[in-house]
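Note that these values count all heavy atoms, side chains included, but never hydrogens, waters or copies made by symmetry. Since the structure is predicted, the reported quantities are computational estimates derived from the model, not experimental observations. Within every chain, numbering begins at 1; the chains are lettered A, B, ... in the order of the sequence lines, protein sequences first and strands thereafter.
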Protein chains: 4
Amino acid sequence: MQEKRRKILDATLKLISQFGFHGTPMSLIAEQAGVGAGTIYRYFENKEALIMKLFLKLKAEISQEMLNGFDSTRPPEQVFRQVWLNTFHYCIQHPAEMMFLEQYHNSPFLTPASESAVQDMLAPLVKYAEKSTASGQVKEMPFEMLTIFVYDTTIALAKRHISGFLKVDEFALDLAVQASWDAVKGPAA
Amino acid sequence: MQEKRRKILDATLKLISQFGFHGTPMSLIAEQAGVGAGTIYRYFENKEALIMKLFLKLKAEISQEMLNGFDSTRPPEQVFRQVWLNTFHYCIQHPAEMMFLEQYHNSPFLTPASESAVQDMLAPLVKYAEKSTASGQVKEMPFEMLTIFVYDTTIALAKRHISGFLKVDEFALDLAVQASWDAVKGPAA
Amino acid sequence: MQEKRRKILDATLKLISQFGFHGTPMSLIAEQAGVGAGTIYRYFENKEALIMKLFLKLKAEISQEMLNGFDSTRPPEQVFRQVWLNTFHYCIQHPAEMMFLEQYHNSPFLTPASESAVQDMLAPLVKYAEKSTASGQVKEMPFEMLTIFVYDTTIALAKRHISGFLKVDEFALDLAVQASWDAVKGPAA
Amino acid sequence: MQEKRRKILDATLKLISQFGFHGTPMSLIAEQAGVGAGTIYRYFENKEALIMKLFLKLKAEISQEMLNGFDSTRPPEQVFRQVWLNTFHYCIQHPAEMMFLEQYHNSPFLTPASESAVQDMLAPLVKYAEKSTASGQVKEMPFEMLTIFVYDTTIALAKRHISGFLKVDEFALDLAVQASWDAVKGPAA
DNA sequence: TATGAATGAGCGTTCATTCAT
DNA sequence: GATGAATGAACGCTCATTCAT
């Protein structure tokens, strides 16, 4: 029954986002998931594998969300804003997911394998970016650099919002998107 | 003798940046530092305090480096570029320090206390930013948002460079700085 | 399975009565009990709790033993002798238990909580003592003082016997009981 | 300078009576005594030796006090009462000393050596007891048994007084001495 | 003689993982 | 499949003792 698997992943997310990888014993995950401690090992090889699987799941989820409503026929600025806002809204509506992802990204758990496994989820975006770059509407820069302004800045803003360091209202949000777009927009835009 | 204290901090940085907080036992730190296990506790209350002290030290160091050559009489774009490049060069020349800082920033170790302890190190920059904002040379945005484009984007680029995902040569670097500046530059610039 | 719990308590008693609280590491208790080191913590919160639980168990045991054959219809002298001898025989037949109890009684482990938890086990004796006091067959003294002559003197004798300082044969025993009774017997006895 | 030696013993007594043998690190003793940690080892071989030396010192002290005003020409009852009261008053005026002695007596530190080293301090009393026994004024019992009623009962009373379990006023004190005397007094008394 | 920084063996405790049921 | 009691390696930390100064 994959119902149990889901409950385990949910419990892991909830606990790790709050207490960190090492503040979250397997026994606590089991308890929170409502399963026996041994049961976890029927679904995941070990703790590290469980965490990596959760990472991949969430990475896929956020990538999916980023692409929500993506339409390659619309102009770059609109696409950019949409992706940007998709990402931002996902983050502030899923703070636990974001915290987990960030924690994982900056931990020694991260392997090239887990990193690259998600790359091609954003394939449509890569293709679209190349086209926009070619047309001069987006600065000519590698996709990996582009993601800084459509992913990292967004995450950075969401973090400041969630931690309370920066109150992000409609106005501030607009400002941030505009700034990010100004960063990447090309001479022809 | 503060020589030992320094060796302990050095060992902690080296090991934690490589193996993470919890992959680095105190005994290993002691060994790497060339001191007895108990000696660490003469200089630091416990593991958590050791890590926080290291964080504060590195945070002060990177803040210092960011402000290197800072001259408030020069125009905003030049100041921006300098700070940006200062930060970037610190990161790629001190990857261990950067990894540690990022790991700490995204961990449950982070407390409001350790966060705020560093805030005023960048005080000159805050003041300068306000002036630049007022003159219209920088977009009117809170300092906390500004830092996204002069700190987070820089770190993001450095990470991609270090992990090998993005080869950052002179040209790419220029591109990234320009993009970041485009993000924050105001109507009067 | 409470079998393991019992084995742990047995091992603790044996080792602590011999080596003292701090001469008895948890690892040794585990080994002696034939369980894993971590297993102890499934049954007892920590070392201190383990020791307190053992204390309470033994205190209940000795109190039970003291009251063995207690019959409030018999005359005070007979009751006194019986209780006294019950106590003495328990001590010399359970030297480990006695050593442990005495060690605990004179240690900083002792808390008012653990002290008072046993008070009412001797309730029948308290009541009987009051009656005997009222009838003049026992000196009019607080129960707490009475216990000196029916508990402390007994323990003192048992200790001297066990340590070999005083050979306590039938004759010596009679002498000691008689002396103790002489201490508390009232004008009407 | 034996001044330091005395300070170390004083500190040891104060701390151990309060926190117990194992709640009292050597470093704390050094601090309380106002000497360096290493200095203790110039006066005492190690912690165990320090504690034993303190025990012997206090044992001598209390023995001295017990014999205070001892006059072998006076009748047994008076001598008994005096020794009893000497002991009691020493205890309630020196609770730290008493607590330490009791803790030591019931610990695995106690060796036959440390026990017997004090025996002959009470030699005059032994002799006097033999005489009193022979004359029938004291029950014919070994000196070791006699001490139960002139030492252990006293300590037991003092403990109850200090811990607050039994309020010992003049009247109660008289009662206790009388009871103890009744225990040992012989047919000719 | 006195010091106190340094040591490292040894402690109490945790928790990822196993396996008999 | 599912369980959770049991495990023991490994951890953070303490403190009696040493020794260079």
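Atom CD1 in Ile8(A) sits about 11 Å away from atom C1' in dA2(F), given to the nearest Å. At whole-Å resolution of the value, CG in Leu28(A) and C1' in dT17(E) are 16 Å apart. As a whole-Å value, the separation of Lys47(C) NZ from dT14(F) P is 16 Å. The separation between Glu48(D) atom CD and dC15(F) atom P is 18 Å, rounded to whole Å. Going from atom CE of Met26(B) over to atom P of dG12(F) covers 7 Å, rounded to whole Å. Between Asn46(A) atom CG and dT17(E) atom C1' there is a gap of 9 Å when expressed in whole angstrom units. Rounded to a whole Å, the CD atom of Gln2(B) is 14 Å from the C1' atom of dA6(E). Residue Ile29(A) contributes atom CD1, which lies 12 Å from atom P of dC15(E) at whole-angstrom precision.
Under a 4.0 Å N-O distance rule, the pair Asp10(D)/Lys14(D) does not qualify as a salt bridge.
Under the 3.5 Å distance criterion, the side-chain polar atoms of Lys47(A) are matched with a main-chain donor or acceptor of Phe21(A). Using modelled atom types, no side-chain atom of Thr39(D) and backbone atom of Val35(D) make a donor-acceptor pair closer than 3.5 Å.
Glu102(D) CD to Ile155(D) CD1: the interatomic distance, rounded to the nearest 0.5 Å, is 5.0 Å. One finds the CG atom of Leu9(C) at 9.5 Å from the CD atom of Gln2(C) (value rounded to the nearest 0.5 Å). The distance from the CD atom of Glu97(D) to the CD1 atom of Ile62(D) is 9.0 Å, given to the nearest 0.5 Å.
Applying the 4.0 Å criterion to OP1 and OP2 of dA6(E), one finds that Tyr43(B) has a side-chain N or O inside that range.
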Between protein and nucleotides 7-9 of chain E, what N or O pairs are separated by less than 3.5 Å?
from, atom 1, to, atom 2, distance (Å)
dT7(E), OP2, Gly36(B), N, 2.9
dT7(E), OP2, Thr39(B), OG1, 2.3
dG8(E), N7, Gly38(B), N, 3.1

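For dA20(E), the paired base is dT3(F) (Watson-Crick or G-U wobble, both distances below 3.5 Å).
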